[in-house]
Protein chains: 2
Amino acid sequence: MITINDIAKQAGVSRTTVSRVINNTGYVSEKARKRVMDVIGETGYVPSQHAKSLRTKKTKIIGVILPKISTDTSSRTVNGMTEVFEAVGYQILLTSTNLDKQKEIEHLKLLQNRQVDGIILIATNTSQELLDEIKVSKVPVVVIGQEMADVPSVIFDDYAAARQMTQLMIKKGHRRIGYIGVDEEDRSVGMLRKQGYVDVMAEHGLHMEDAWMQNGDFSIDSGYEAMKRMMLASSGDLDGVFAATDRMALGAWKYIKGQGLVIPDDIAVAGIGSSETSRFIEPALTTIEYEHAQAGVESARIMLQVLQGEKEISDKKVLDFNLVERDSI
Amino acid sequence: MITINDIAKQAGVSRTTVSRVINNTGYVSEKARKRVMDVIGETGYVPSQHAKSLRTKKTKIIGVILPKISTDTSSRTVNGMTEVFEAVGYQILLTSTNLDKQKEIEHLKLLQNRQVDGIILIATNTSQELLDEIKVSKVPVVVIGQEMADVPSVIFDDYAAARQMTQLMIKKGHRRIGYIGVDEEDRSVGMLRKQGYVDVMAEHGLHMEDAWMQNGDFSIDSGYEAMKRMMLASSGDLDGVFAATDRMALGAWKYIKGQGLVIPDDIAVAGIGSSETSRFIEPALTTIEYEHAQAGVESARIMLQVLQGEKEISDKKVLDFNLVERDSI
DNA sequence: CTGAATAAGGGAATCGATTCCACATTTGTG
DNA sequence: CACAAATGTGGAATCGATTCCCTTATTCAG
């Protein structure tokens, strides 16, 4: 391997000078600069990142913890971040927890050992253990998707989104509306969205049954099963169902169709997420589109600011959403 | 930051001994080991990866270059790799080229500078420039998806897959079958799949028109546009279309429906990829399922073998596929 | 009981950069 | 023209580990 010493020798200067040329610091004469550049060009020398990091304590790598690679949500978010980071020479180290809560903490530790400069966590829960780990983190952490005290975060207004969707369903004449959610440990997706649904239903004085609130685990199949349980346990016919995620809505949609029912005439279906599939099914799914790419961009910007020491204080950024009205309601 | 020296001092031994304890090498008495372990436990000391890498030239990170994060294909592949690498303490550094050919080469260089131990490239072309870059790579490269001379690779039998699908369409009574492909620089997806289609059509003595072969760029929209061009330019009615990817098939499917035609009675539609959406549209898309997770597993295994110096020679692994017959043909 | 083998542990070089400090040379100003 | 400031360059310490080599203590076979 070719090192800075080789370059220095070949160019007839000290390695100090070579370092100056590479990093554009200090005083270097044009003559010396040119000679060094030439040698670097000829040899194809590339500085060792490890040696560099060992001295500077910087890696220019941001670790990103995803709940699941390959969901529409993840990819949009990552694309947004990439845009910002690439422009300033940062790279992204992606890891996926596959929705395993414990792995969220594990990966947080692992990434710190890899000495990334910062970590962006797309969080699925707000457990104390997780919060503690973030607090003791040696590198700055930015969270997407959950509101956490004293941690800079980018969030969506899940409560408002769920409210708006529920209102639309009611406006369209649906009254007996069920809900498919997820575990409430996931504050944003599990609790806030459900609360939005419950509150609006109550405000309209609409009847609700325990059986109408089922939980899934984000998967399509779990949506299918939840819908099945709901219909079986309900005291009468439902005329609508609102799922906390598009994938679960898809499962419900599948079950309803399998029962020979017509969407939306017999039962309306709505989701959140604006997944790609949601456009193509028939009737197309009414859903809510979050600005995931924007969340990626914002989180990256916040990270960069924190890295430059601009903000010590926690910062919240709430992003917009918009309701995509299609044919399933 | 707490270093090996601090541990040595606190435990009353030399840093040589601390290193031995950490790495389980050389002779260390039980007494010394315990003392060191205790101090490490108390302090929460974690060795610096940079210092380590600087000496050992190993990082235990594998770089993975994806054409696109967040396609079903990518995620399945990565999941397969993760399974293997996690078990042996390797981490994965994901990067995405967003289908930009030039970035494939850029990222190849970038990852080498990051001194990853190896690179797995999910390739979309076989250009000489790319091949050259692989040849001069300082770290081993394993390729998925394209056959390359002298490079260990995991590939699918694209030709056979396309043949089988075309045969099925013909068997089902379709005769005037169009094809939506991609640029032939992508040897596997662009050339081989198309060749499979062309050969089978020819073997059956079926008529083909230039207008029946359109290209897209992997996107849904491009499939839509390709289908539109095809129908407009065709000398007579088509009764089938075979797209090289599910996403493009989806676009075609959308256009066909928009024209008020019935699938498969008026026109049959087939794709390759077994995307999630393909299950949910109506009629459900007949497609081919590749063993992407397996590709991830195999590529990871090959990488591990190469890293252990087991194989210097290139190695090809061809994976299976199976045709998922649904309602669109 | 002696000499070799084994066990235990430390000193110091090394990996490839960055950076502080000291020194030399050139330039500028009154 | 003298002296301060600006410019240019190198020596050497440093970052935090690993590892080669050497010394010392212990064990054991003959």
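Naming convention: chains lettered A, B, ... in sequence-line order (proteins, then strands); numbering from 1 in each chain. What's counted below: heavy atoms across the whole structure, side chains too, no hydrogens, waters or symmetry copies.
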Closest-nucleotide ordering on DNA chain D, the 5'-leading residue of B:Pro47 and A:Arg15: A:Arg15

Distance, rounded to the nearest Å, where B:Lys52 contributes NZ and C:dA17 contributes P: 21 Å

Qualifying residue for side chain to side chain contact (heavy atoms under 4.5 Å, CB included) with A:Phe85, from A:Val64, A:Val297, A:Ile120: A:Ile120

For atom CD1 of B:Ile22 and atom P of D:dA17, their distance in whole Å: 7 Å

Distance, rounded to the nearest Å, where B:Lys57 contributes NZ and D:dT19 contributes P: 12 Å

Sugar-phosphate, base or nothing in reach of A:Ser19, heavy atoms under 4.0 Å: base

Trace of the side-chain contact (heavy atoms from CB on, under 4.5 Å) decision for A:Ser137 with A:Leu108: CA-CA 8 Å; A:Ser137 169; A:Leu108 216 45; 5.8 Å; no

Sugar-phosphate only, base, or nothing, as touched by A:Asn23 at under 4.0 Å among non-hydrogen atoms: sugar-phosphate

Separation between CG of A:Asn98 and NZ of A:Lys68, rounded to the nearest 0.5 Å: 4.5 Å

Separation of C:dA8 P from B:Lys34 NZ (nearest whole Å): 17 Å

Check: B:Thr25/B:Asn23 side-chain N/O donor and acceptor closer than 3.5 Å: no

Whole-Å distance separating the CG atom of B:Asp6 from the P atom of D:dG16: 8 Å

Closest heavy-atom pair and its distance - B:Val116, B:Ile61: CB-O, 3.4 Å

Phosphate OP1/OP2 of D:dT7 contacted by A:Ser29 side-chain N/O (<4.0 Å): no

B:Glu106 bridged to B:Lys109 by N-O distance under 4.0 Å: no

Spacing between B:Met1 atom CE and D:dC15 atom P, to the nearest angstrom: 12 Å

Touch class at under 4.0 angstrom, heavy-atom based, for B:Val18 against every strand present: nothing

Interatomic distance, B:Tyr27 OH vs D:dA25 P [rounded to whole Å]: 18 Å

Sugar-phosphate only, base, or nothing, as touched by A:Thr3 at under 4.0 Å among non-hydrogen atoms: sugar-phosphate

Rounded to 10 degrees, the angle between the two terminal axes of the helix from C:dC1-D:dG30 to C:dG30-D:dC1, each from five pairs: 30°

Nucleotide nearest B:Arg55 (side chain, heavy atoms from C-beta), chosen from D:dT19, C:dT18, D:dC15: D:dT19

Gap between atoms NZ and C1', on A:Lys138 and D:dG16 respectively (whole Å): 13 Å

Value rounded to 0.5 Å, distance of NZ in A:Lys317 from OG in A:Ser153: 12.5 Å

Phosphate OP1/OP2 of C:dG16 contacted by A:Ser48 side-chain N/O (<4.0 Å): no

A:Thr95 side chain to B:Gln91 side chain, donor-acceptor N/O pair below 3.5 angstrom: no

Toward the 5' end of DNA chain C, by each residue's nearest nucleotide, B:Glu30 or B:Ala51: B:Glu30

Sugar-phosphate, base or nothing in reach of A:Thr17, heavy atoms under 4.0 Å: sugar-phosphate

Of the listed nucleotides D:dT18, D:dT9, C:dA17, the one nearest the side chain of A:Tyr45: C:dA17

Sugar-phosphate only, base, or nothing, as touched by A:Thr16 at under 4.0 Å among non-hydrogen atoms: base

